[in-house]
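This structure is a prediction, so every number in the text was calculated from the model and none was measured. Both ligands and their constituent atoms are indexed starting at 1 by order of listing.
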Amino acid sequence: METDYLVVGAGASGLAFADTLVAEAENVQVTVVDRDQAPGGHWLQAYPFVRLHSPSAYYGVNSVVLGEDRIDEAGENAGYYERATGEQVREYFAQAAVRLTATGRVSVLTGHEYLGPGVDGEQVRDLDTGEVRAVRVRRKIVDARYLEASIPATHTIPFDVASGARVVAVNDLPSAATTASSYAVLGSGKTAVDACTWLLDNNVEPDRIRWIRPRDAWFYDRRHLQPLEQVGTMIEGLSLDAEAGARAATIDELFEQLEASGRLLRIDPTSPATMYRGTMLSARELAALRRIEDVVRLGRVRRIEADRILLERGDARTSPETLHVDCTALGLTGAPARPIFEPGRIVLQQVRHLSPCFNAALIGFLEAHRADDAEKNRLCPPNPYPASIEDWPRMMSRTWRTEARWLGEPDLSAWVAGSRLHLLRGLRDHATEPSVQVPLQRYLTHVTAAIERLGQLDGSKSPGPELTDQVNKQKRKERARTPRVYSGGGSIR
Ligand SMILES: Cc1cc2nc3c(=O)[nH]c(=O)nc-3n(C[C@H](O)[C@H](O)[C@H](O)COP(=O)(O)OP(=O)(O)OC[C@H]3O[C@@H](n4cnc5c(N)ncnc54)[C@H](O)[C@@H]3O)c2cc1C
C-alpha cells in the first residue's frame, strides 16, 4: 500500500484535516485509519444523552454542513443555534467519510490500528483478520490521536469500589436510574453537568441528587458563543475577554471580572472555582443545576463502600440504594505542546481556543499552501487544552498572537473568513450592525493591552513589536470603518 498522507485517527480532527487537505492540495492521496469500526472518534462511545455543547454550525468538517443552522425554539437551548445529538454527530461523520471517499483521493480504513514504523513502511493491522500491512508513506504521517479524548466508556475508574456499592459509568445511567432511590454524581466537568441535567429532566427531585465535586468549574455563558445572525454575541464575549485581560493584575482579578461581566459562570458563586476547560452552559441549564444543594467538596473520591464514600479530605455517608455515577473521565487530554509540523510528521493540536475542528482544517490548509515547516509552525503554534484558571492567560494570549500573524497572510485570512468552522463566520454579513460594531470597538480598544498583560500573567513573552504593530494597523483600518477586522477569528472580510 502507498499513500501521500497516512492519517491516524478518524475522529473529528483526522477527518477535518483530510477534508481541507484534499480540497486545497492537488494530486494528494490520503489514507485515514482508525481502530474503531466507524468514523467519529470518541462520539462512537459517548453516553446516550450527549450533545454538542457548542452549536453544530461550526462543528465537523469544512465541506459538509452539520444540521440546518436552525435556532431552537424550545428547551434549555431556546433562542440559540441548534446542537447535534451524539447520534446526529455519528451519522454526520459517517456521511463525511463517504463524501471524502467519493473524491477518489481519500481512503478511510476503519477497524485498522496503526502500530508504528516497521522495516518496510508504516505498520497497520487489520483488526478483523489480524493481518499487518506495510504502508509506504510518500509524504507524512498525520497523528490525529495525540489529543485523543479520555471518555467515561473507556477510562478506568480511578477509585476503589467495595462490594455492596453501586457505581455505574455515565453511559449506563439511563438503564440503571430506575432502580435507585438516590444518586451521587461524581465529577466537576461537563459530563457531570449532563448527568445532573438528565436526572432533573427525568423528574428526579433535586434533593435526591448529591453532587461530588472535587473542584468547582467555570463555564462560558452559551449566549456568547452564537454564530451567524447572532455573531454580535460572539464579539461581545471576545470583547469581555479582552477588557478583562487588559485590566487584571492577577488571575483572581481576571476571573472576578470575567464573572462580573457575565462572560463566565460558576454554579455556586460562593465557592472558589479553579477548573476551566472551555465548556459552556445556558442560563436555563445553570438555573436547573443550582437546584442541587447537596454538594460534597472533599476532593477526589478514593473509595466507595456500601455506606460511605472516602475522599481526599474526609468521608461522606452513602447507601447501597444510592447509584453513584462516574463522570470523572478527563475528556480533553493535557498532552504537552510539541511542534505541529515536524519532518515527515504532522501532530494535530489546538491552535485557536474552542475550535478543535477549525484547527485541524487550518493545519490541512497550511500543509497544502506552505512549503516550509518553520513557516507553518510560525502560523500554527500549539496551544494546549486548558484545565485550570492558570491556563486561561496563556490560551487566550497565544490565540490572539497567532491570529495576529494570520493578518499578514491574505490567502490564509481569506480561507479563515470563508470557513464554516470559523466561529465568526457571520461577521462579514453583519459587520456594520451596531450589535457588532459596539463590542468590536471595545475589543479593538483592549486586545493589544490584553495580549501583553496576559503574557505577563502567563510568564511568557509579550507579543513583540511586529505583532503589536500588525494589531495596531488593523485597529486603524477598522476605525476607518473598512469591513476587514482583527478579531477572535483572525481576519474577517
Ligand atoms: C463528551 C465530549 C463532548 C465534546 N463536545 C464538543 C463540542 O460540543 N464542541 C467542540 O468543539 N468540541 C467538543 N469536544 C471536544 C472534542 O475533543 C472534539 O470535538 C473532537 O471530537 C475530538 O476529536 P479528535 O479526533 O481530536 O479525537 P478523538 O475523537 O478522541 O479521536 C481519536 C481517534 O484516534 C483513534 N486512534 C487512536 N490510536 C489509534 C491507533 N493506534 N490506530 C488507529 N486509530 C487510533 C481512536 O480510535 C479515535 O477514533 C467534546 C469532547 C468530549 C469528550
Enumerate, atom names and distances included, each donor-acceptor pair closer than 3.5 Å involving a side-chain atom of residues 106-114, sequence neighbours excluded.
unit_1: Thr110; atom_1: OG1; unit_2: Gln37; atom_2: O; d: 3.4
unit_1: His112; atom_1: ND1; unit_2: Thr110; atom_2: O; d: 2.9
unit_1: Tyr114; atom_1: OH; unit_2: Glu122; atom_2: OE1; d: 2.6

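- Every residue two or more places apart in sequence or in another chain that forms a ring pair (Phe, Tyr, Trp, His ring centres under 6.0 Å) with Phe49 is listed here: Tyr47, Trp198.
- The distance from ligand 1 to the heavy atoms of Glu113 drops below 4.0 Å at these ligand atoms: 41 (N), 42 (N), 43 (C).
- Asp194 places no side-chain N or O within 3.5 Å of a backbone atom of Val50 that could act as its donor or acceptor partner.
- If you look at Val8 next to ligand 1, the close heavy atoms, those under 4.0 Å, all belong to the side chain.
- Contact annotation: the side chain of Val295 never approaches that of Ile267 to less than 4.5 Å [non-hydrogen atoms, C-beta and beyond].
- Counting the atoms of ligand 1 from 1 in the order shown, those under 4.0 Å from a heavy atom of Gly9 are 33 (C), 34 (O), 35 (C).
- For ligand 1, the polar-atom distance check against Arg35 finds a nitrogen or oxygen pair separated by under 3.5 Å.
- Within the structure, ligand 1 has His112 among the residues with a heavy atom less than 4.0 angstrom away.
- Between Leu147 and ligand 1 there is no heavy-atom distance shorter than 4.0 Å.
- Every heavy atom of Ala46 sits 4.0 Å or more from the atoms of ligand 1.
- Within 4.0 Å of atom 29 (O) of ligand 1, at least one protein heavy atom is present.
- Assignment of Tyr58 to the shell around ligand 1 is not supported, since no heavy atom sits closer than 4.0 Å.
- An N or O contact shorter than 3.5 Å links Tyr59 to ligand 1 by distance.
- Which of Ser56, Ser54, Ala12 comes nearest to atom 9 (N) of ligand 1 through a heavy atom is settled by distance: it is Ser54.
- The contact set between ligand 1 and Asp36, taken as ligand atoms under 4.0 Å from a residue heavy atom, comprises 47 (O), 49 (O).
- Of the candidates Glu148, Gln350, His53, it is His53 that places a heavy atom closest to atom 6 (C) of ligand 1.
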